[in-house]
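Scroll down for the structure; my scribbles are underneath it.
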Amino acid sequence: MDNRLIYLDNNATTPTDPRVVDTMLPYFYQHPGNAASRNHPFGWTAEEAVDYAREQIANLISVESKEIIFTSGATESDNLALKGVFEMYRRKGNHIITLKTEHKAVLDSCGKIEKMGGEVTYLDVNYDGTVDLAKLEAAIKPSTILVSVMWANNETGVIQPMKEIGEICAKHGVLLMSDATQAVGKIPVNPKEVGVHLMAFSAHKMYGPKGVGALFVNRKKPRVKVTAQMDGGGHERGMRSGTLNVPGIVGFGKAAEIAGQEMAQDSERLSKLRDKLQKQLMDRLEEVYVNGNEGHRMPHVTNLSFKHVEGEGLMMTFNQNIAVSSGSACTSASLEPSYVLVALGLGDDLAHSSIRFSLGRFTTDEEIDYAVEALVKGVNHMRELSPIWEMYKEGIDLDSVIWAEH
Ligand SMILES: *Cc1c(COP(=O)(O)O)cnc(C)c1O
């Protein structure tokens, strides 16, 4: 193999679009103002740039610019939405409903809320990763103040039926929050149209810079408020104190503008490339399975299980060249399978053998061809070495084998 590097891990982070970088540069040295400095031109220039970016971002998701609260990223936005709603609406109730397949920023915030006296229901999902709407509705009770469902999953790309979820929440008068970090800028997202009241997203997942994100907070019908989690100067309508990251916000705005213009063509091109990658692998290799609903999936993502191959081991055969994610997160003591795939009902074997491919704006056709060759070679190589694969080929029913404890 040669020394080329292919980046197929765009769900972890995207490269910053060079057009975004160009837009940011003047705001480091030439325009150094603090957007909160109201008494001189440096401050005014910074504030104008922030206002402009706020509008670019609001336009992308069809909301008012006043409804955008800037944060340091989606992790902070998730924390602010969940803990902020819990504190603000505590008198109304203490119950929150979410899914087992949410991002850790949501799940860990919910864990903290439980320690603060909240009650959280973590719903199972269907085998295809989508929410079970009947279960969701059944979980709502008089003390429920918030439902939190991610727009699109970071591991599988599965898109949730936000409109149906919004209808259920509206019917019962509970607020709806969505972590839309993987969806904004890649597919059309309009929170107001589907009844989402709070929505978290991040610049670095949509070709903007790292360390800047936003929380959409609905201002009218209903007027939603969150208790600030950061105390200080009362920036961002009192919901998030701290000097604004002006260059980052300018870049976020530019990224939003480009996304609005190029989303349709990007997603058409990427879904073809993604489909080609998936089809080639499934045609040329045995026992490859798609994880998550293929019909309701982000256009640039596929999560595949290569049965009887350890994802981590497989990655070692090509990760000098190809960047992907495996469905296992290395914890200190053991290799745990992805909790998202386990929640979909995958057994440990399939969860351990999964790889997430996430393409992006800069992925080329040639890179996909190259990745397919490397993957086919890697999987065949791993299986040749595997006694389990040999047993499978000999027709031994592996589920009936009683394995020795080790
Ligand atoms: C990346 C990601 C986050 C965290 O975003 P940061 O901006 O890196 O804090 C949260 N939720 C989802 C779904 C993500 O993909």
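From a predicted model like this one, the values you see are computed outputs, not experimental measurements.
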### Task
Using modelled atom types only, decide if a donor and an acceptor are shared between the side chain of N303 and the backbone of E155 within a distance under 3.5 Å.
yes

### Query
Are side-chain heavy atoms of V196 and I165 found at a separation under 4.5 Å?
no

## Note on the structure
Nearest heavy-atom approach of G251 to V20 is O-CG1, 3.4 Å

### Query
In Å and rounded to the nearest 0.5 Å, what is the CD1 to CD1 distance from I396 to I388?
11.0 Å

### Message
side chain to side chain donor-acceptor pair (under 3.5 Å), that's the test. Do T121 and H95 meet it? Break it down for me.
### Response
CA-CA 8 Å; T121 301; H95 181 229; 2.6 Å; yes

### Message
Under a plain distance cut-off of 3.5 Å, with no hydrogens placed, do T130 and Q160 share a side-chain donor-acceptor pair?
### Response
no

### Task
Run the salt-bridge test on K141 and E119 with the 4.0 Å N-O cut-off and return the result as yes or no.
yes

### Query
Taking atom OG1 of T16 and atom CG of D22, what is their separation to the nearest 0.5 Å?
11.5 Å

## Note on the structure
When every non-hydrogen atom of M206 is compared with those of A255, the smallest separation belongs to O-CB, 3.6 Å

### Message
For a quick test of reading the model, state the closest non-hydrogen atom pair linking L99 to L107 and the distance between them.
### Response
O-CD2, 3.5 Å

### Query
If you round to the nearest 0.5 Å, how far is OG of S271 from CG of D266?
10.5 Å

### Query
Can you name the closest pair of heavy atoms from R356 and A12 and give their distance?
NH2-N, 3.6 Å

### Message
Treating S354 as the side-chain partner and A351 as the backbone partner, does any N or O pair qualify as donor plus acceptor under 3.5 Å?
### Response
yes

### Query
Would K276 and D369 satisfy salt bridge (charged side-chain N to carboxylate O under 4.0 Å, His left out), going step by step from the backbone distance to the final call?
CA-CA 9 Å; K276 175 166 127 178; D369 292 341; 2.9 Å; yes

Can you give each donor-acceptor pair under 3.5 Å made by side-chain atoms of residues 294-302, sequence neighbours left out, with the distance rounded to 0.1 Å?
from, atom 1, to, atom 2, distance (Å)
E294, OE1, Q278, NE2, 2.9
R297, NH1, Q278, OE1, 3.2
R297, NH1, T302, OG1, 2.9
R297, NH2, Q278, OE1, 2.8
H300, NE2, N11, OD1, 3.0
T302, OG1, Q278, OE1, 2.8

### Task
Please round to the nearest 0.5 Å and tell me the distance separating atom NZ of K92 and atom CG of L146.
11.0 Å

Only distances under 3.5 Å count here; give the side-chain donor-acceptor pairs of residues 222-231 to other protein atoms, sequence neighbours excluded, each with its distance to 0.1 Å.
from, atom 1, to, atom 2, distance (Å)
T227, OG1, M88, N, 3.3
Q229, NE2, E87, OE2, 3.4
Q229, NE2, T227, O, 3.0

### Query
Can you name the side chain to side chain contact (heavy atoms under 4.5 Å, CB included) partners of E257, sequence neighbours left out?
Y52, Q56, K254, Q261

### Query
Looking only at atom types and distance, does a side-chain atom of E102 sit under 3.5 Å from a main-chain N or O of M150, one as donor and one as acceptor?
yes

### Query
Side chains of D124 and K100: closer than 4.5 Å at any heavy-atom pair?
yes

### N94 (side chain) donor-acceptor with G117 (main chain) under 3.5 angstrom
yes

#### Entry: Residue list, ring-ring contact (aromatic ring centres under 6.0 Å, His included) with F216, at least two apart or on another chain
none

### Query
Any side-chain donor paired with an acceptor under 3.5 Å for E287 and Y289?
yes

### Query
So, does S353 use its side chain to make a donor-acceptor pair with the main chain of S305 at under 3.5 Å?
no

### Task
Could you tell me whether a side-chain N or O of N10 sits under 3.5 Å from a main-chain N or O of S358, the two making a donor and an acceptor?
yes

#### Entry: Contacts of E64 that satisfy side chain to side chain contact (heavy atoms under 4.5 Å, CB included) - sequence neighbours left out
E67, R219, K220

### Query
Considering only heavy atoms from C-beta outward, does the side chain of N245 approach that of F70 to under 4.5 Å?
no

### Task
Using modelled atom types only, decide if a donor and an acceptor are shared between the side chain of R19 and the backbone of I258 within a distance under 3.5 Å.
no

### Query
Can you name the residues that form a salt bridge (Lys or Arg N to Asp or Glu O under 4.0 Å) with E366, not counting sequence neighbours?
R4

### Query
Which residue pairs satisfy the side-chain hydrogen bond (donor to acceptor under 3.5 Å, both in side chains) criterion with at least one member in residues 201-212, sequence neighbours excluded?
T13-H204, T13-K210

#### Entry: Derivation of the salt bridge (charged side-chain N to carboxylate O under 4.0 Å, His left out) call for R54 and E47
CA-CA 10 Å; R54 207 186 291 277; E47 192 184 18; over 6 Å; no

### Nearest-0.5 Å distance that lies between atom CD1 in I69 and atom OG1 in T71
9.5 Å

#### Entry: Charged N-O contact under 4.0 Å between E167 and K163
yes

### Message
I'd like to know whether L344 forms a side-chain contact (heavy atoms from CB on, under 4.5 Å) with D128, so could you lay out the CA-CA distance, the side-chain angles of the two residues, the decisive distance to 0.1 Å, and finally the verdict.
### Response
CA-CA 6 Å; L344 261 60; D128 67 359; over 6 Å; no

### Query
Ion pair present between R269 and D365, side-chain N to carboxylate O less than 4.0 angstrom?
no

### Query
Would you say the side-chain atoms of H352 and E312 include a donor-acceptor pair closer than 3.5 Å?
no

### Message
Going by salt bridge (Lys or Arg N to Asp or Glu O under 4.0 Å), name the residues that satisfy it together with K279, two or more places apart in sequence or in a different chain.
### Response
D283

#### Entry: Presence of salt bridge, K171 and E137, under 4.0 angstrom
yes

### Message
List the residues meeting side-chain hydrogen bond (donor to acceptor under 3.5 Å, both in side chains) with S109, not counting sequence neighbours, and say none if there are none.
### Response
N79

### Flag, side chain of S386 to backbone of M382, donor-acceptor distance under 3.5 Å
no

### Query
Could you state the interatomic distance from CG (D17) to OG1 (T23), rounded to the nearest 0.5 Å?
8.5 Å

### Query
Taking only residues two or more places apart in sequence, or in another chain, which ones meet E286 in a salt bridge (Lys or Arg N to Asp or Glu O under 4.0 Å)?
K393

### Query
Does D9 reach the main-chain N or O of F357 with its side chain, forming a donor-acceptor pair under 3.5 Å?
no

### Message
I need the full list of salt bridge (Lys or Arg N to Asp or Glu O under 4.0 Å) pairs touching residues 74-83, with sequence neighbours left out, sorted by first then second residue.
### Response
E76-R240

### Message
Looking at F28, I'd like to know if its CZ atom is crowded, meaning that more than 12 non-hydrogen atoms belonging to other residues, nucleotides or ligands lie closer than 6.0 Å.
### Response
yes

### Message
For G232, is there any backbone N or O sitting under 3.5 Å from a side-chain donor or acceptor partner on S241?
### Response
yes

### Task
Decide whether H103 and T181 meet the rule of one side-chain donor and one side-chain acceptor closer than 3.5 Å.
no

### Query
Considering residues at least two apart in sequence or located in another chain, which fulfil the ring-ring contact (aromatic ring centres under 6.0 Å, His included) criterion with H31?
Y27

### Task
List the atom of L244, the atom of E236, and the distance in Å for their closest heavy-atom pair.
CD1-OE2, 3.6 Å

### Task
For E367 and Y7, run side chain to side chain donor-acceptor pair (under 3.5 Å): C-alpha distance rounded to whole Å, both residues' side-chain angles, the deciding distance at 0.1 Å, then the answer.
CA-CA 9 Å; E367 287 177 327; Y7 189 67; over 6 Å; no

### Task
Measure the shortest side-chain to side-chain distance between S77 and F201 over non-hydrogen atoms and say whether it is less than 4.5 angstrom.
no

